[in-house]
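Data block below; observations after.
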Amino acid sequence: MRIGFQGKKNCYSYQVIESYLNINKTETIGFKTFENVFESISKNEIDYAVLPIENSIGGCIFVNYDLFNKYDIKIHSEFHHSINHSLYSLGKIEEIKKVISHPQAIQQCINNIKNNNFISEEYWDTTGSLDRIKELNDKSIACIAPPNLSKEYGLNEVITYFNDQDKNITRFYLISSKNKNLPNNLLKNNLIIKLNKFSGYIISKDQVGILNEYLNKFTQYNCNLTKIESRPYLGCDRNVFSYIFYIEGIINDNFINELPSFTKFGIFPLLEHNFIKQEKKNLKIGIIGFGRFGQFIGEHMVKYGFQVYATSRSDYSELSKDIGITFLKHEDFLRLNLDIIVLSTSILSFEKVFLSFPEKFWEKKLVVDVLSVKNYPNEILCKYLHKNQILLTHPMFGPDSAKFSWYQKNFVYWFYQESDLINEFLNFWKKQGCNMINMEPDDHDKLTANSQFLTHFIGRTLELLECKNTPVDTDGYKSLVTIKNHSVNDSWDLFYALAKYNKKSIDTINILKYQFNKLQEKLLYPNGKEIKQSETGKLNEKIIDLKSKGINVINSAIGVPSWYPNLKYKSEYSTAKGNKELIKEIINYYQKSFKLNLNIDNFVIVPGAKTGIYYSIKLLTDPGTKWIVPVPYWTSYPDMIQLENGSTIFLNSNVENNWSLDLNKIENEFKNNVVNGIIICNPNNPTGLLYDSIFLIKLIELAKTYDKYIIMDEVYLPLTNKDTSYCYSLKTNYNKMIVVSSFSKYWAVPGWRIGWVLGNKDMISKITKLQSTMLTCASTAGQEVCCNLLKDNFKPNLTVLKKSSKIIGDILKEKGWIVPNNDNLSMYLFPVNYKINIEDFVSKLLKLGLGVISGKPFGFENAIRITLPNNDDELNTIINILK
Ligand code: NAP
């Protein structure tokens with residue numbers, strides 16, 4: 001490999017080559033002029049060259065800028081080199097009259113030359129001028145050249161630090177022809193990237209504001225411009241006084257490779273020597289999990305000077321060799337004596353991988369995780385390690401977003417106890433230019449769910465939308481494509497784990513869905529969304545109404561057969577609202593039982609309470625919104641909510657407090673805008689317990705304060721003969737109460753699938769319309785059966801049911817189960833036992849001939865739900881089995 005420079009051996013360019021490049025296997029060739037260097041590159045006579053481009057005192061080396069444009073070259077890296085000039089002569093300082101050197105060196109010493117009354121003369125090279133004054137053999141002629149060369153040249157170094165200013169730094173570029181890449185081993189391996197830059201030019205048109213227009217593009221991409229240099233444009237198509245603008249700047253992540261009208265010389269790092277390396281202890285770091293991220297950080301650690309070892313599920317021996325890392329199998333890695341272990345496995349495999357190392361292995365080591373979630377590794381590491389061994393980190397960048405530099409990238413960390421090792425490790429990131437953020441794991445997870453996870457989620461969504469570049473991309477759209485590319489370059493496991501192991505992430509999705517939906521509705525329905533009734537349903541309703549008034553209408557409008565099978569029950573459609581006669585009977589029932597004066601507008605007949613609840617959830621759940629559901633709950637509520645793209649806030653309660661609910665907790669949740677309200681089963685299925693009237697009134701007051709819905713499932717309430725919550729909602733004048741009930745339990749006709757919804761007129765009208773679209777109506781035969789049950793004032797004899805609750809409860813209590821007392825009639829017992837395996841117990845009972853269900857589907861694992869019998873035979877059998 002041949003590397004060119006302008007000047008002779010020992011000149012500043014040569015010093016830079018020696019300092020930054022591995023030159024033991026290369027040939028260095030000095031050229032007389034800069035143009036000679038460029039010519040040789042273009043003819044392939046040399047491979048690379050190091051050239052000065054700007055000095056902090058003398059300014060630009062214009063000739064090189066002009067040559068960049070003339071020859072098609074590429075910049076690979078930038079180096080900053082401190083320049084100190086010395087004055088050399090054959091005699092003494094008093095004898096000197098004239099000073100010769102390279103024009104740049106003369107420029108940088110011009111004040112000292114004048115102050116000493118010397119005259120200056122340009123020479124082609126600094127070190128070349130040393131030879132020249134020897135040749136001239138004239139003590140009145142001195143030269144300016146790099147320091148410490150007096151012995152080598154047999155000259156007197158009459159003044160050291162002859163430069164005008166102390167801080168004299170020259171920027172150098174490592175360049176090649178356009179198509180050449182940099183071989184791995186050319187740069188010394190103790191270099192670190194300080195910044196990443198770009199350089200190129202614009203040939204300006206002659207137009208008002210055109211430069212401003214160009215520069216604005218850089219502002220849009222948040223590029224910090226570090227230099228603009230205008231030079232006369234010498235192209236064949238030039239006008240007199242037309243200009244070429246050389247532009248340099250620091251790139252950021254969103255830098256668009258192709259900026260219109262901008263011709264790039266390259267995107268390249270500004271490299272610096274890593275002097276810290278000599279100062280610090282040579283730490284031995286082991287990386288567990290050598291995937292994309294492990295390799296990315298490992299490579300930087302090696303350059304920094306750490307001794308790095310790695311192990312992983314797959315074999316990365318070959319790849320590791322290239323980047324100076326020793327890769328070992330698990331068993332060999334175990335034997336290493338390491339200072340720090342960095343856990344860089346996928347989040348999904350973290351615990352498993354951690355536990356695959358024996359306890360002893362972790363002793364006396366600092367254990368660092370780099371997971372993109374923080375609560376989760378915190379919990380695991382705290383469980384197995386001493387707190388002073390733990391350093392939790394999240395480098396908030398990756399191989400894509402920080403491929404050029406880590407400068408100003410966020411690095412989150414958290415430790416329990418400061419130590420030298422922790423400081424040394426954190427120093428590594430600090431020295432790479434990271435923005436160090438000390439943050440508690442929980443705060444981290446809250447913030448990243450709304451930032452990092454949101455970005456990944458949007459990126460993955462854009463991938464599903466097949467978002468890719470088109471010929472008409474706007475700048476904004478190009479950024480979207482970049483987001484998509486970065487997101488899909490990371491592993492699916494990482495994305496999945498960001499959602500699974502940061503509970504806040506799902507909230508982010510819900511809020512996003514909610515806002516998407518709101519935005520879409522704003523666009524599609526500027527005047528609000530309307531729920532339509534089916535047209536056939538509407539007409540059917542009209543015809544039924546006319547017929548009920550004695551007006552005979554032939555119904556040829558809807559698909560009603562004009563022939564009938566010979567059946568005992570009605571078989572034609574009812575209105576969507578339901579059979580008027582049945583509704584009248586239900587109104588009577590409420591009047592008799594609760595002294596409530598309701599009317600037909602408050603009711604709709606539905607196929608069982610389940611449908612009534614689902615209709616209500618469907619109408620009130622915008623995607624991303626939430627419902628509060630007390631635990632234990634009736635199993636279908638969360639599933640129904642999920643079907644409507646909502647989510648459930650589970651409100652825990654415990655048996656020791658008789659499953660009572662904490663109103664403060666409810667109020668806290670009510671404060672959130674995306675919460676629709678609460679769904680309560682009263683009496684509760686599975687516990688069988690009734691919420692008292694004081695609680696219900698307070699709950700309604702809270703709902704009123706925060707304008708939330710209450711869906712009250714009162715399917716079991718008729719068993720207790722207690723007031724419906726609707727009574728309280730009327731007393732408190734609150735109309736967002738929806739009560740759902742059914743004939744399935746007390747009236748014991750579950751197969752007919754008849755229930756009702758009781759609510760305000762508007763809500764009932766919406767449910768009716770929805771039903772007309774989805775189902776037409778509840779079964780008319782079922783409605784007839786239920787109507788007769790009410791007319792006949794059906795009352796079941798439930799004396800055994802009451803008894804069995806007490807007897808079975810007592811047996812279970814004796815056997816160590818917790819069974820709250822229940823003075824009300826109930827269909828269920830929900831005893832709790834923390835000491836046994838519930839699933840085993842359920843299987844055992846089934847083998848003995850008793851089917852009960854574990855509490856798991858009701859959200860509470862340590863319990864069983866027993867449906868109580870209302871006949872003595874069954875009760876006795878159950879007693880025998882349980883005993
Ligand atoms: P990743 O897919 O999250 O993790 C890949 C690593 O996990 C590989 O070393 C892989 O081993 C290992 N692994 C996966 N499943 C395993 C299993 N069942 N058993 C044993 N090892 C298993 O991709 P990554 O981007 O390299 O991320 C690594 C860690 O860095 C993650 O915890 C991530 O949160 C964190 N992080 C990543 C970034 C980023 O930008 N990518 C940024 C900051 C932090 P093999 O390669 O041997 O199969």
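Index from 1, following the sequence. In each ligand, atom 1 is the first atom listed, and ligand 1 is the first ligand listed. Bear in mind that the values here come from a model prediction, so they are computed numbers and not experimental data.
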Intermediate values then yes/no, ring pair (Phe, Tyr, Trp, His ring centres under 6.0 Å), Y384 and W362: CA-CA 9 Å; Y384 298 103; W362 305 107; 9.5 Å; no
Residue pair I73, K178: steps toward the side chain to side chain contact (heavy atoms under 4.5 Å, CB included) verdict: CA-CA 5 Å; I73 61 101; K178 195 95 195 163; over 6 Å; no
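Checked by distance only, ligand 1 and D493 stay at 3.5 Å or farther apart across all their nitrogen or oxygen atoms. Ligand 1 has an N or O atom lying under 3.5 Å from an N or O atom of R292, backbone or side chain. Considering backbone and side-chain atoms together, F290 places an N or O closer than 3.5 Å to an N or O of ligand 1.
For atom 20 (C) of ligand 1, the closest heavy atom belonging to the protein is V353 CG2, 3.5 Å. The single protein non-hydrogen atom nearest to atom 37 (C) of ligand 1 is F293 CG, 3.6 Å, given as residue, atom name and distance. Looking only at heavy atoms of the protein, atom 34 (O) of ligand 1 is closest to S372 OG, 2.7 Å. Residue, atom and distance of the protein heavy atom nearest to atom 32 (O) of ligand 1 are T345 O, 2.7 Å. Protein heavy atom nearest atom 46 (O) of ligand 1, with residue, atom name and distance: Y316 OH, 2.3 Å. With hydrogens left out, the protein atom closest to atom 10 (C) of ligand 1 is R313 NH2, 4.2 Å, a heavy atom.
Shown are Y20, F79, Y304; of these, the ring-ring contact (aromatic ring centres under 6.0 Å, His included) with H273 is made only by Y20.
Every atom of ligand 1 is numbered from 1 in the order shown, and the set under 4.0 Å from a heavy atom of S314 is 45 (P), 46 (O), 47 (O), 48 (O). The atoms of ligand 1 that sit less than 4.0 Å from any heavy atom of G291 are 8 (C), 9 (O), 26 (O). Every atom of ligand 1 is numbered from 1 in the order shown, and the set under 4.0 Å from a heavy atom of G398 is 40 (O). Every atom of ligand 1 with a heavy atom of I347 under 4.0 Å away is listed here by number and element: 32 (O), 34 (O). The G289 neighbourhood of ligand 1 comprises atoms 9 (O), with distances under 4.0 Å to a heavy atom of that residue. Shown in contact with L371 at under 4.0 Å from a heavy atom are these atoms of ligand 1, numbered in order with element: 32 (O), 34 (O). Close approach of ligand 1 to P395 is summarised as follows: ligand atoms under 4.0 Å from at least one heavy atom of the residue are 42 (C), 43 (C).
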Acceptor/donor pairs from residues 340-347 side chains to any protein atom, 3.5 angstrom cut, sequence neighbours excluded:
from	atom 1	to	atom 2	distance (Å)
S344	OG	G294	N	3.4
S346	OG	S349	N	3.2
S346	OG	S349	OG	2.8

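At a heavy-atom cutoff of 4.0 Å, ligand 1 is contacted by the side chain of D490 but not by its backbone. Of the heavy atoms in V370, both backbone and side-chain atoms come closer than 4.0 Å to ligand 1. Of all the heavy atoms of S312, the ones lying under 4.0 Å from any atom of ligand 1 are found in both the backbone and the side chain. When non-hydrogen atoms are compared, ligand 1 lies under 4.0 Å from the backbone of S346 as well as from its side chain.
In this structure, F397 is part of the shell of residues with a heavy atom less than 4.0 angstrom from ligand 1. The shortest separation from a heavy atom of K352 to ligand 1 is under 4.0 Å, placing the residue in contact. Residue contacts with ligand 1: P399 is included, with a non-hydrogen atom under 4.0 Å away.
With respect to K626 and D507, a salt bridge is recorded, a charged nitrogen being found less than 4.0 Å from a carboxylate O. In this structure, K360 pairs ionically with E363, as a charged nitrogen and a carboxylate oxygen lie closer than 4.0 Å. Between K180 and D47 there is a salt bridge, since at least one side-chain N of the basic residue sits less than 4.0 Å from a carboxylate O of the acidic one. Comment: D490 engages R292 in a salt bridge, judged by a side-chain N to carboxylate O separation of less than 4.0 angstrom. The pair D442-K503 does not meet the salt-bridge criterion, since no charged nitrogen lies less than 4.0 angstrom from a carboxylate oxygen.
Between atom CD1 of residue I509 and atom CZ of residue F516 there is a gap of 11.5 Å, rounded to the nearest 0.5 Å.
No hydrogens or angles considered: a donor-acceptor pair under 3.5 Å links the side chains of Q307 and Y309. For D840 and S843, the side-chain atoms include no donor-acceptor pair closer than 3.5 Å.
For atom 2 (O) of ligand 1, the nearest non-hydrogen atom from the set S344, S349, S491 belongs to S491.
Around NZ of K856, the count of heavy atoms belonging to other residues, nucleotides or ligands within 6.0 Å does not exceed 12. Annotation: F650, atom CZ; neighbour count of heavy atoms from other residues, nucleotides and ligands within 6.0 Å is above 12.
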